[in-house]
Amino acid sequence: MKSLKYLFLGLSLLAINFSNAQVNVNVNIGTPPLWGPVGYNDARYYYLPDLQTYYDVNTSNYIYINNGKWIRARTLPSVYRNYDLYNEYKVVLTDYRGNSPYDNFKTHKVKYAKGYKGKPQKTIGQKPGNGNNKQGHDNGNHGNGNSKGNNGKGNGKH
């Protein structure tokens, strides 16, 4: 009986030794959209002053007010469907953590009023069009990172 206890104890210790707890932390950082500014791959949110809208890089969602409530959507409201995000100034929120950048909307709205332009920005990708980055229409499907005809070099000027 004693040997059975020792055998059980030995197997238990052996099982504990082999079952080291492993913690795997996987941070899924989204891919910035091609219209996003170069040099901010770690940023989660952009604020678009002219649209008073946020963009969540991790989820590829726009965050904007609709009927007095903040909503998240894959596309911009139809009123902005032809808006050129390649030429829109993007305020990169590098100091914000959390899921509600609009908690600071009153400050952002004043600090980055419509028409705000900071330092010149280049976009990650070229604006889709006829190859010269001056033509073409924006179809409103932003943030999916699957636009065609981009070579990773931007020439967006602000």
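Just so it is clear, the model here is predicted, and its values are computed rather than measured. Residue indices begin at 1 and follow the sequence shown.
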Quick one: closest heavy-atom pair of [X] and [Y], and the distance?
X      : Y      : result
Ile124 : Pro32  : CD1-CB, 3.5 Å
Asn58  : Gly30  : OD1-N, 3.2 Å
Ala113 : Pro49  : O-CB, 3.7 Å
Tyr86  : Gly125 : CE2-O, 3.5 Å

State, with a plain yes or no, whether a side-chain heavy atom of [X] is found less than 4.5 Å away from one of [Y].
X     : Y      : answer
Tyr64 : Ile71  : yes
Val92 : Pro37  : yes
Ile65 : Phe105 : yes

May I have all residue pairs that pass salt bridge (Lys or Arg N to Asp or Glu O under 4.0 Å) and include part of residues 43-60, sequence neighbours excluded? Arg44-Asp56, Asp56-Arg72

Approximate separation, where rounding is to 0.5 Å, of [X] [atom1] and [Y] [atom2]:
X      : Y      : atom1 : atom2 : answer
Lys106 : Asp103 : NZ    : CG    : 11.0 Å
Gln126 : Leu34  : CD    : CG    : 10.5 Å
Leu85  : Thr53  : CG    : OG1   : 9.0 Å
Asn61  : Tyr45  : CG    : OH    : 10.0 Å

How would you list, by chain and number, every residue that makes a ring pair (Phe, Tyr, Trp, His ring centres under 6.0 Å) with [X], sequence neighbours excluded?
X      : result
Tyr102 : Trp70
Tyr47  : Tyr54, His108
Tyr116 : Tyr89, Tyr112
Tyr40  : none

Do Tyr55 and Val79 share a hydrophobic cluster (ILVMFWY, side-chain heavy atoms under 4.5 Å, transitive)? yes

Tell me if a side-chain donor or acceptor on Gln121 pairs with a main-chain N or O of Lys90 at a distance below 3.5 Å.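 Side chain of Gln121 to backbone of Lys90, a donor-acceptor pair under 3.5 Å: yes, one is there.
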
All side-chain contact (heavy atoms from CB on, under 4.5 Å) counterparts of Asn67, not counting sequence neighbours: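 Listed in chain order: nothing, the list is empty.
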
Start with the C-alpha gap between Tyr62 and Leu51, add the side-chain angles, then the distance that decides, and say whether side-chain contact (heavy atoms from CB on, under 4.5 Å) holds. CA-CA 11 Å; Tyr62 296 92; Leu51 307 180; over 6 Å; no

